[in-house]
Amino acid sequence: MIVREYEKDEITVHKVPLALMGGVIAISVALTASVTLGFLPKQAVPTEARAAAGVAPAQQRTLRFFDEPDGTVRVEDGATAEVLARYGQGEGGFVRASVRSLVHQRRIRDIGAEVPFTLTRWDTGALTLADPATGVNIEISGFGPENRAIYATLLPEAEAAR
């Protein structure tokens, strides 16, 4: 068996990538320290940002979501019980996931389905799905234009345009 011995000059570490990695680590530590010490905000709270900017609701609608025995999700107006949409199996994945997360928060707190969810379009065009029972909000606009369009069709203005 032949054992090869490496000479000193065979293993080289390039200094530029090493310096760049050190820079990334230094920036990460600096940013973490600035957030920890309060120089940078810990998180952006959309409700506070809207209040500071004076953004008002342009449209609102209360919504109720129901699971039907065949796996369809039915969306109704919270005030009139008018059926606004139905999503069969394999459809409406984003609606299912977003509502499921809000319902999970209600179950944790032992809150039933008595209080409808609120869908709000803001002056800026952003959409928010809020649960008044738990205070949890989902910023729909943050999930892309396709998902935003799905919820936008549930607002009264979009209904009149159909």
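We use all heavy atoms of the structure for the numbers below, so side chains are in, but hydrogens, waters and symmetry mates are not.
When the shell of 6.0 Å around CZ of R74 is examined, it contains more than 12 heavy atoms from other residues, nucleotides or ligands. Around the CZ atom of R107, the shell of radius 6.0 Å holds no more than 12 heavy atoms that belong to other residues, nucleotides or ligands.
Contact detail for L129 and L63: the closest heavy-atom pair is CD1-CD1, 4.5 Å. Contact record, G78 with P116: CA-CB, 4.2 Å, taken as the closest heavy-atom pair. Closest heavy-atom contact between S141 and A126: OG-CA, 3.2 Å.
Using a 4.5 Å cut-off on side-chain heavy atoms (C-beta onward), T47 and N137 make contact. Counting heavy atoms from C-beta on, the side chains of L20 and L18 never come closer than 4.5 Å. Two residues are said to be in side-chain contact when any heavy atoms from C-beta on lie closer than 4.5 Å; T128 and P46 fail this criterion.
In this structure, R106 is positioned above the aromatic face of F117, its NZ or CZ under 6.0 Å from the six-membered ring centre and within 45° of the axis.
Judged as a side-chain hydrogen bond (donor to acceptor under 3.5 Å, both in side chains), and not counting sequence neighbours, T62 has no contacts. Annotation: side-chain hydrogen bond (donor to acceptor under 3.5 Å, both in side chains) contacts of R148 (sequence neighbours excluded): none. Partners of F66 according to the ring pair (Phe, Tyr, Trp, His ring centres under 6.0 Å) rule, which considers only residues two or more places apart in sequence or in another chain, do not exist here.
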Subject >> Worked verdict on Q105 versus T134 for side chain to side chain donor-acceptor pair (under 3.5 Å) >> reply: CA-CA 7 Å; Q105 292 299 317; T134 61; over 6 Å; no
**OP:** Could you walk me through whether R86 and E68 pass the side chain to side chain contact (heavy atoms under 4.5 Å, CB included) test, one step at a time?
**Re:** CA-CA 10 Å; R86 289 181 188 275; E68 295 183 345; 2.6 Å; yes
**OP:** Using the side chain to side chain contact (heavy atoms under 4.5 Å, CB included) rule, take V136 and L102 through it: C-alpha gap first, then chi angles, then the decisive distance, then the call.
**Re:** CA-CA 7 Å; V136 176; L102 292 175; 3.7 Å; yes
**OP:** Mind running side chain to side chain contact (heavy atoms under 4.5 Å, CB included) on Q60 and T118 for me, showing each step along the way?
**Re:** CA-CA 7 Å; Q60 283 189 321; T118 304; 3.9 Å; yes
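Applying the under-4.5 Å side-chain rule to Ile, Leu, Val, Met, Phe, Trp and Tyr, the cluster around V55 extends to W122.
In this structure a side-chain-to-backbone donor-acceptor pair under 3.5 Å is present from D123 to A56. A donor-acceptor pair is defined here as one N or O able to donate and one able to accept, closer than 3.5 Å; no such pair exists between the side chain of T80 and the backbone of D77.
The CG atom of L127 sits 5.5 Å away from atom CZ of R121, with the distance rounded to the nearest 0.5 Å. Taking CZ of R61 as the start and CG of L119 as the end, the distance is 9.0 Å to the nearest 0.5 Å. For the atom pair CG (D131) and CD1 (I111), the distance works out to 7.0 Å, reported to the nearest 0.5 Å.
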Per-pair distances, 0.1 Å, donor-acceptor, side chain in residues 88-98, under 3.5 Å, sequence neighbours excluded:
from, atom 1, to, atom 2, distance (Å)
Q89, NE2, D70, O, 2.9
E91, OE1, G88, N, 2.8
R96, NE, E91, O, 3.0
R96, NH1, G71, O, 3.2
R96, NH2, G71, O, 3.0
R96, NH2, Y87, O, 2.9
R96, NH2, G88, O, 2.7
S98, OG, F94, O, 2.9
S98, OG, V95, O, 3.2
S98, OG, Y151, OH, 2.5

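Salt bridge status for E139 with R50: present, with a side-chain N to carboxylate O gap under 4.0 Å.
In terms of hydrophobic clustering, with Ile, Leu, Val, Met, Phe, Trp and Tyr side chains grouped at heavy-atom distances under 4.5 Å, I27 and L40 are assigned to a common cluster.
Among residue pairs with one or both ends in residues 26-38, none qualify as side-chain hydrogen bond (donor to acceptor under 3.5 Å, both in side chains); sequence neighbours excluded.
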